[in-house]
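Okay, structure first, notes after.
Each chain gets a letter, A, B and so on, in the order the sequences are listed, and its residues count up from 1.
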Amino acid sequence: MSRYDPAEIEPKWQKAWEAAGCFTARHDPARPKYYVLEMFPYPSGRIHIGHVRNYTMGDVVARYKSSCGFSVLHPMGWDAFGMPAENAAMERGGHPKDWTYGNIAQMRDQMKPLGLSIDWSREFATCDPEYYGQQQSMFIDFMEKGLVYRKAAVVNWDPVDMTVLANEQVIDGKGWRSGAEVERRELTQWFFRISDFAGELLEALDGLKDWPEKVRLMQANWIGQSRGLQMAWHLTAPHAGMDRIEVYTTRPDTLMGASFLGISPDHPLARALEAERPEVAAFCAEARKGGTTEEAIETAEKLGFDTGLKVRHPVDPDCEIPVWIANFILMDYGTGAIFGCPGHDQRDHDFARKYGLPIIPAFKPRDKEVVSEEGERPDLLWHDGVGYASFDKGSGPSNPVAICIGSIPYIPWKIEVVEYLPNPFGLTTQTEHQPGPKKHLDMSAFSEATGDEAIDAAIAHAEAHGYGTGVTKYRLRDWGLSRQRYWGCPIPVVHCESCGVVPEKKENLPVRLPDDVSFEQPGNPLDRHPTWRDVPCPACGKPARRETDTMDTFVDSSWYYARFTAPHAKTPTDLAEAEYWMNVDQYIGGIEHAILHLLYSRFFARAMHICGHLPAKAVEPFDALFTQGMVTHEIFEEPYHIADGVERPGHSPINSDIPTRYRYRMPEEVVAFTYGDSRYALLRAEVEAAGVDRSDPENLINFQTSRPHTRIEVRPPAKMSKSKKNVVDPMDIIARYGADTARWFVMSDSPPERDVEWTAAGADATQKHLARVWRLAAEIDVRGGTDTAQDQALLKALHRTIADVTAGIEGFAFNKAVAKLYEFTNTFAKSDASAATKRVAMRTLAQLMSPMVPHLAEEVWTMTGGEGLVARAPWPKADPAMLVENTVTLPIQINGKRRAEIVVAKDLSPTEVEKIVLADEAVMKALAGAAPKKLIVVPGRIVNVVL
RNA sequence: GCCCGAGUGGCGGAAUGGUAGACGCAGCGGAUUCAAAAUCCGUCGCCGCAAGGCAUGCGAGUUCGAGUCUCGCCUCGGGCACCA
């Protein structure tokens, strides 16, 4: 061989690793273990470049740790249940199972040429009955321990297709296929009691030292611990057997600003009124329209309905305030009822202004003025009707102090120190005409209270006067796991008229999904499958019905890491194996999983421990977490429309009622280009058919201009996702350049935690570099240097590189490790050191490169006389003696600007440095004979002369 | 709307509060070659002939010194409980 030929060397070394069993995880009590895991993929059909990035990172860690002497577990599996398989069955026919296993086979074939150090003997898919049967067994254990229960919960309901929709299937509040306005509907569903663990899951975050701070923060916010006041507001007249409304608030200090009480449309009182009065029913129906996501609810127009009922203020029973039903109040949060304080809450403020409810301030900012109308205070600057006492010159407003929206006072929470006054703002007249409380909490002791102190004081007041209790609540809700879909793990219970809900007997597990199902109608085929659905009761034997809901796919991914420690055990886990391999030492995955997947896994590990499936040490299953950035790409949407029942390309004709529709196009299907400041895309097939010369954007824009109605929308880069079709197939890079080029390419340049927009430019250059390393190795004997005097310099650079690359890999700074390897390669190429030394240096370089480019590394290792496999060689150690520098270059700043530099002995005393600095030409010139005002010497780093 | 991030040359990016732009890509100039490919050498933030000045999304602040710390904005991305 006379050149670098990845097509020849890559399969060769992959066979060698396999023959040597390099990657088989061995339970070896004599050695420390290291478990590295990348979040397993959904088998969409083809790997994309994001997978290559993710799995190469894990592979670098796995290979590095293996070289460091650890017994490494590095497994791979498939998160194989979920909606895309059902969608494929609906669109193209076929069975989700065939589609899924076909995709798995394809993706495995695509991953293997990457040369990942994966123990494929542990591979499984979550849709394997062997796996989901163990999951069902654990579900029954969870039932026994009271970790699972049923209750009513809302789903997105498509009234035309008569089916439950996932949030993803709700687009602008409408069903994705039917286009019908989605409703919120209640169903009885299964729940895990994750909220019982809220406090523990929150506290344990502190122990996760090797998790990114931002992930811990996101989880803490998600769990959302709050200290607040729960209290009863009594109805002036009992209604439907209810005489009070329980309200929870995190802002009890604003109690005196209450001007209305709001309840959820699903509150028992609202339900009662709904049954009595058609206008309430009509309002509640309207309020239930739209999706169930928090985003949809928060951003929907605020709607309210005055029930006519009134409640008494807990502090001032003479004060009666109205009860409204409002669409932004969720039954799931708190008690499903709030008191509205429009003076200090933006949402309540908007609501009050819309419906003409009073806005009553409870406090004012200390030492700040309150103003009314825009224009009254010319010394203030105004922005959107809000006055600001100070403005920074330039862009935006800051320091909002004097607050007024229109003529209505409004104080946001940002102000830390507030002043609670018995009669804030002197609004006596206003309260006489409006139903605000006339008695006031005496908050004068807190005239300089911060928000938190005032909240504590208000809770203390409520408890002392017996109208409320301080409680700690969590935002975290129980985990609804029921899905009304086929392609998921069946919930192993049977509904019996006499026995109720009965778990399936464990010996009958797995409850297998039936194969004979059709997806021609919407909805869950299990519901329509009598021979699968109708079974005898496991307890009494009478005819009964299987549960037809399946489990959320998050359940599957909440314990796969534990299953990898004993993937074929006859129980969910094998405790001896779990004891050795757990925890996952390094978990790697996308930031998009920062909250749900990781929180569910943390809960599941605890539940598994309670049921005896995991040792106590594994309740936090992931010791260290790294969240890699996403690979993004532009999204292309092609317009089309349907006229007279026929699909036609392009936008619908102007002035027609026909809607323009869009479909996604893959990057490879379009020619994208920039013209002026805009991005354009054309269908590749059309450009090619028309024979347009693509080398000049001018031609492309002319082609576009000739057919404006077909303009493809180019959306900004977003996470690669199959549903948006903005995925790039890495297979052609691998086929053309080899796996090592693909691996080196994704590890260089971008820091792994950052998102990258994919661009293929540079793969050529990457391969050139690898070929250069190969050539440098091959040429050592032919053109080997002769100057042994240079040996020491080369070795010194080598040891510096060992230290830097090791630090880079340890710190997940792969791009910096790669940069150091480039640097050393340049040093090596220029060095005229002896052939013997060069051989040693090159062999070590191969080792340092081996986690990223393992095939090339083996080849170079062998060429330079390395024994055995690099994969088995111990990681090189930097000799501390070789890292010592004797001199250092100190930049000299004059007034903070660099003006000169000096080279001094590394340990020269500051006093000596000062002497040299003061004698420096540039410094003397700047000083012009005067003494410096100040002279700062930072040993080993910098000198600053202040004039 | 709420929570969490990110923003540095033409591009990807580097920089324990201490020389902004390591390293790579692209570009430009040169060597080699009949020519090209490949390879090698050099150059490369912006303005300026130069001295020098200006530069890390925008505006303030702290500091001898700020890409880095603080405050306020802007833009983009992720998550928001049934996408995985």
Syn/anti state of B/G9 by chi, 90° boundary around 0: syn
Determine whether A/Trp78 and A/Asn103 make a side-chain contact, defined as any pair of heavy atoms from C-beta on separated by less than 4.5 Å. no
Tell me: CD of A/Glu901 to P of B/A20, nearest whole Å? 11 Å
Please measure how far the C1' atom in B/U43 lies from the corresponding atom in B/G21, and state the result in whole Å. 16 Å
Taking any heavy-atom pair under 4.0 Å as a contact, classify A/Val938: base, sugar-phosphate, or nothing. base
Rounded to whole Å, how long is the line connecting atom CZ of A/Phe814 with atom C1' of B/A14? 17 Å
Quick one: label A/Leu217 by what it contacts on the DNA or RNA (base, sugar-phosphate, nothing), any heavy atom closer than 4.0 Å. sugar-phosphate
In whole Å, what is the span from the CD atom of A/Gln893 to the C1' atom of B/A66? 11 Å
Decide yes or no for A/Trp190 and A/Ile491: does some side-chain heavy atom of the first lie under 4.5 Å from some side-chain heavy atom of the second? yes
State whether A/Lys816 places a side-chain N or O below 4.0 Å from either non-bridging phosphate oxygen (OP1 or OP2) of B/A15. yes
note: A/Lys214, atom NZ; B/G77, atom C1'; distance rounded to Å ~ 10 Å
To the nearest Å, give me how far apart NE2 (A/His769) and P (B/C25) are. 9 Å
Residues passing the side-chain contact (heavy atoms from CB on, under 4.5 Å) test with A/Ala220, sequence neighbours excluded, are A/Leu202, A/Leu205
Less than 6.0 Å separating the ring centroids of A/Tyr587 and A/Phe626? no
OP1, OP2 of B/A14 versus side-chain N and O of A/Asn815: anything below 4.0 Å? yes
Closest to the 5' end of RNA chain B, once A/Ser748 and A/Arg941 are matched to their nearest nucleotides, is A/Ser748
Would you please enumerate the stems RNA chain B participates in, each stem being three or more consecutive Watson-Crick or G-U wobble pairs with both distances under 3.5 Å? B:1-7 with B:74-80, B:10-12 with B:23-25, B:27-31 with B:39-43, B:45-47 with B:52-54, B:57-61 with B:69-73
With a 4.0 Å cutoff (strictly under), does any side-chain N or O of A/Arg899 reach OP1 or OP2 of B/U19? no
List every contact pair, protein side and nucleotides 37-47 of chain B side both N or O, where the distance is under 3.5 Å.
unit_1	atom_1	unit_2	atom_2	d
B/C40	OP1	A/Arg772	NE	3.1

When rounded to the nearest Å, what value does the distance between P atoms of B/C2 and B/G67 take? 31 Å
Suppose you measure atom C1' in B/G59 against the same atom in B/G27; what distance do you get, rounded to whole Å? 35 Å
Restricting to side-chain contact (heavy atoms from CB on, under 4.5 Å), what partner residues turn up for A/Thr100, sequence neighbours left out? A/Pro43, A/Ala80, A/Ala85, A/Ile104, A/Cys127, A/Trp487
Quick one: is B/G24 close enough that its OP1 or OP2 comes under 4.0 Å of any side-chain N or O from A/Asn826? yes
How many whole angstroms separate atom CD1 of A/Ile936 from atom C1' of B/G17? 12 Å
Run A/Ser195 and A/Asp478 through side-chain hydrogen bond (donor to acceptor under 3.5 Å, both in side chains) and show every step you take. CA-CA 5 Å; A/Ser195 67; A/Asp478 277 335; 2.7 Å; yes
Sequence neighbours left out, cut at 3.5 Å: what donor-acceptor pairs do the side chains of residues 934-946 of chain A make with other protein atoms?
unit_1	atom_1	unit_2	atom_2	d
A/Asn944	OD1	A/Gly896	N	3.1

Validation row, ring centre A/Phe824 to ring centre A/Tyr822 under 6.0 Å: no
When rounded to the nearest Å, what value does the distance between C1' atoms of B/A81 and B/C69 take? 36 Å
Expressed in whole Å, how much space separates the P atoms belonging to B/C82 and B/G13? 34 Å
Gap in Å between the two C1' atoms, one belonging to B/A15 and one to B/G65, rounded: 15 Å
Is there, by distance only and without an angle test, a donor paired with an acceptor across the side chain of A/Asn944 and the base of B/C64 below 3.5 Å? yes
Separation between the P atoms of B/G9 and B/C47, rounded to whole Å: 15 Å
Do A/Met39 and A/His597 come within less than 4.5 Å of each other through their side chains, counting heavy atoms only? yes
Rounded to whole Å, please give me the gap between CD1 in A/Ile942 and P in B/A66. 11 Å
Six-ring centre of A/Trp157, A/Arg184 cation under 6.0 angstrom, axis tolerance 45°: no
Yes or no on salt bridge (Lys or Arg N to Asp or Glu O under 4.0 Å) for A/Asp764 and A/Lys768, after CA distance, side-chain angles and deciding distance? CA-CA 6 Å; A/Asp764 257 326; A/Lys768 278 182 196 172; over 6 Å; no
Looking for any heavy atom pair under 4.0 Å, which part of the strands does A/Ala594 touch: base, sugar-phosphate only, or nothing? nothing
What nucleotide among B/G13, B/G1, B/C23 has an atom nearest to a side-chain atom of A/Glu823? B/C23
Same-atom distance (P) from B/U39 to B/A20, integer angstrom: 35 Å
Summarise protein proximity over nucleotides 78-84 of chain B in one line of letters, 5' to 3': B for base, S for sugar-phosphate only, - for none, counting protein heavy atoms closer than 4.0 Å. SSBBBSB
Aromatic ring centroids of A/Trp479 and A/Tyr600 under 6.0 Å? yes
Identify the heavy atoms of A/Thr627 and A/Lys214 that sit nearest to each other, and give their distance. OG1-CE, 4.1 Å
Flag if over 12 foreign heavy atoms under 6.0 Å of NZ, A/Lys925: no
The side chain of A/Arg754 is closest to which nucleotide in this list: B/C23, B/A14, B/G12? B/A14
Could you tell me how far apart A/Asp749 (CG) and B/C11 (C1') are, to the nearest whole angstrom? 10 Å
